[in-house]
Visitor: 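Before I ask anything, let me first share the structure, which is written out below as structure tokens.
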Amino acid sequence: MSTLTATRRPEPHDKRRREERRRERLADRQGSGRRMPVWQLVLRYALLLGVFALTVGPFLWQLSTSLKGPAEDIYSYPPKLLPSDPTLDNYAKVADLIPVWDFALNSLKVAAANVLTNCAGAALAGYALARLRFRGRKAALVVFVMAMLVPVESIIIAQFMTMRELQLNNTLVGVLLPACIGAMNVLLMRNAFSNLPYEVEEAAYVDGANAWQRFTRIALPSVKGTLAVVAIFAFMGAWDDFLWPLIVLSDQSNFTLTVGLNYLHGTFANNQRLVAAGTIIAVLPLIVMFACLQRYFFRGVGEGAVKG
């Protein structure tokens with residue numbers, strides 16, 4: 001019996017070692033790209049370059065056009081991406097032709113207010129749908145989902161009539177009000193709050209915290225990533241909106257940047273350098289905002305996890 005046990009004891013250890021070695025070899029094969037065929041690598045990089053050209057290419061071309069002087073041909077073939085004599089005179093001419101900075105200030109007011117109203121309203125509505133129990137909660141959720149399916153163009157006349165009855169047409173408040181809380185933002189916040197574990201709030205409930213204290217002190221600090229996503233979407237939607245401000249605004253002093261830049265396309269359509277310069281002026285704040293909030297933006301994908 002002693003010889004049998006002596007011969008059988010090493011077997012579990014040998015199996016365990018072989019299993020560990022097999023896992024290590026499998027991990028090495030999956031982790032290293034040595035076994036990937038060359039044609040797959042070429043295909044991947046070709047797709048990445050194609051997506052880069054489609055997404056970033058138009059912006060780079062507009063930037064290049066805005067920096068080209070009047071003596072440089074922007075329609076030359078083959079096209080030149082790098083300007084031979086870069087200049088910033090086109091940006092100064094845009095400011096001389098139209099009050100672009102006043103338009104930008106109006107857009108900034110609307111966009112900032114849109115961010116505040118969407119973050120506050122979507123957070124409150126999302127928490128109520130995710131955590132509070134009340135009659136009609138499921139019906140309210142269905143209403144928010146259906147609101148995303150309605151095209152804006154189908155209700156824009158009703159919106160204009162409502163703003164006129166409220167005497168808010170030709171005002172920045174009238175531009176802000178229809179989009180002050182977006183249905184998609186509410187659903188994003190509801191999903192983020194739903195992923196939070198109930199045990200954390202139950203502990204606060206036992207300690208005597210009410211619903212408002214649980215929302216402000218526990219739930220809201222845990223979904224900063226999703227709040228950043230809502231802020232970026234709200235800012236982009238308000239800053240890039242063109243159709244609704246064009247309809248509701250008639251006084252030039254209240255024009256937003258997208259409506260004001262439309263004058264460059266109409267009166268100065270032949271000078272594409274000015275159009276490109278105005279486009280860069282309109283896009284630059286979006287790039288700055290995303291650069292400031294990008295770390296929170298990518299963190300919002302895995303929102304709701306508890307560390308430690």
Side-chain angles (χ1 to χ4, degrees), residues 58-59 62 66 90-91 93-122 144 147-186 188 229-269 271-272 274-290 292-293:
F59 172 77
Q62 288 290 86
S66 67
N90 295 322
Y91 295 91
K93 290 180 180 179
V94 170
D96 292 337
L97 292 174
I98 60 174
V100 63
W101 304 119
D102 294 337
F103 297 158
L105 181 60
N106 292 335
S107 293
L108 184 61
K109 292 177 182 178
V110 175
N114 200 31
V115 169
L116 293 176
T117 55
N118 270 278
C119 287
F144 279 108
M148 295 178 58
L149 305 178
V150 179
V152 179
E153 292 79 9
S154 64
I155 60 174
I156 202 165
I157 297 178
Q159 288 182 355
F160 177 76
M161 298 296 293
T162 303
M163 294 300 108
R164 192 175 66 175
E165 292 296 328
L166 295 176
Q167 297 182 355
L168 293 177
N169 58 317
N170 198 25
T171 62
L172 296 180
V173 178
V175 178
L176 167 69
L177 196 58
C180 61
I181 299 178
M184 184 182 69
N185 296 331
V186 173
L188 284 175
V229 174
V230 171
I232 292 175
F233 285 167
F235 190 90
M236 291 178 60
W239 187 270
D240 291 337
D241 192 14
F242 172 74
L243 181 60
W244 174 242
L246 180 65
I247 293 175
V248 76
L249 296 177
S250 57
D251 190 2
Q252 184 176 350
S253 61
N254 293 326
F255 280 177
T256 58
L257 186 59
T258 52
V259 178
L261 290 178
N262 190 45
Y263 282 96
L264 296 177
H265 291 275
T267 308
F268 305 98
N271 195 346
Q272 293 298 323
L274 300 184
V275 176
T279 303
I280 298 301
I281 293 175
V283 172
L284 189 60
L286 299 179
I287 299 176
V288 173
M289 183 179 182
F290 184 80
C292 296
L293 298 179

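Sequential numbering from 1 along the given sequence is applied to the chain's residues. For the numbers below, each heavy atom of this structure counts, side chains included, while hydrogens, waters and symmetry mates do not.
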Visitor: Test of understanding: with side chain to side chain contact (heavy atoms under 4.5 Å, CB included), list the residues that count as partners of Leu116, not counting sequence neighbours.
Guide: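 So Leu116 forms no side chain to side chain contact (heavy atoms under 4.5 Å, CB included) with any residue.
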Visitor: Given side chains that start at C-beta, do those of Leu257 and Asn106 come closer than 4.5 Å, heavy atoms only?
Guide: no
Visitor: Using side-chain heavy atoms (C-beta onward) and a distance below 4.5 Å, is Asn185 in contact with Phe233?
Guide: yes
Visitor: Quick one: which residue pairs count as a ring pair (Phe, Tyr, Trp, His ring centres under 6.0 Å) with a foot in residues 236-262, not counting sequence neighbours?
Guide: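 Sorted result for residues 236-262: Phe235-Trp239.
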Visitor: How about Leu149: does its CG atom have over 12 heavy atoms from other parts shown lying under 6.0 Å from it?
Guide: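 Atom CG in Leu149 is crowded, with more than 12 foreign heavy atoms closer than 6.0 Å.
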Visitor: Using the rule side-chain contact (heavy atoms from CB on, under 4.5 Å), only one of Val248, Leu166, Leu168 pairs with Val173; which is it?
Guide: Leu168
Visitor: Find the distance between OG1 (Thr279) and CD (Gln62) and round it off to the nearest 0.5 Å.
Guide: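 The distance works out to 4.5 Å.
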Visitor: With sequence neighbours excluded, tell me which residues meet side chain to side chain contact (heavy atoms under 4.5 Å, CB included) with Asp96.
Guide: none
Visitor: Is Thr171 close to Leu176 at the side-chain level, that is, under 4.5 Å between some pair of heavy atoms?
Guide: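 Side chain of Leu176 against side chain of Thr171, heavy atoms only: no contact under 4.5 Å found.
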Visitor: How far does NZ of Lys109 sit from CG of Asn254, to the nearest 0.5 angstrom?
Guide: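 Lys109 atom NZ to Asn254 atom CG measures 8.5 Å (nearest 0.5 Å).
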Visitor: Nearest 0.5 angstrom please: Asn169 CG to Gln159 CD, how far?
Guide: 13.5 Å
Visitor: Say you draw a straight line from CG of Leu172 to CG of Leu249; how long is it, rounded to the nearest 0.5 Å?
Guide: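 Output value for this atom pair is 6.5 Å.
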Visitor: Carefully, step by step, assess Asp240 and Leu286 under the rule side chain to side chain contact (heavy atoms under 4.5 Å, CB included).
Guide: CA-CA 9 Å; Asp240 291 337; Leu286 299 179; 3.5 Å; yes
Visitor: I need the minimum non-hydrogen distance between Met148 and Ala183, along with the two atoms involved.
Guide: CG-CB, 3.8 Å
Visitor: List for me each residue that meets side-chain hydrogen bond (donor to acceptor under 3.5 Å, both in side chains) alongside Asn114, sequence neighbours excluded, and say none if there are none.
Guide: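 Here the qualifying residues are Asn118.
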Visitor: Tell me every residue that passes ring-ring contact (aromatic ring centres under 6.0 Å, His included) with Tyr91, counting only those two or more places apart in sequence or in another chain.
Guide: none
Visitor: In Å and rounded to the nearest 0.5 Å, what is the CG to OG1 distance from Leu177 to Thr162?
Guide: 9.0 Å
Visitor: Under the rule for side-chain hydrogen bond (donor to acceptor under 3.5 Å, both in side chains), what residues qualify as partners of Ser253, not counting sequence neighbours?
Guide: Asp251
Visitor: Using side-chain heavy atoms (C-beta onward) and a distance below 4.5 Å, is Ile287 in contact with Phe59?
Guide: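 Side-chain contact under 4.5 Å: yes.
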Visitor: Taking atom CG of Leu97 and atom CG of Leu274, what is their separation to the nearest 0.5 Å?
Guide: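 One gets 6.0 Å once the value is rounded to the nearest 0.5 Å.
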Visitor: Kindly give the heavy-atom pair with the smallest separation between Val259 and Pro245, and that separation in Å.
Guide: CG2-CB, 3.7 Å
Visitor: So which atom in Ser154 and which in Pro151 form the shortest heavy-atom distance, rounded to 0.1 Å?
Guide: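 For Ser154 and Pro151, the tightest heavy-atom pair comes out as OG-O, 2.6 Å.
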Visitor: May I ask you to decide if Asp241's main-chain N or O and Thr258's side chain share a donor-acceptor pair within less than 3.5 Å?
Guide: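 It does hold such a pair.
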Visitor: Do Asn90 side-chain atoms and Ser66 backbone N/O form a donor-acceptor pair below 3.5 Å?
Guide: yes
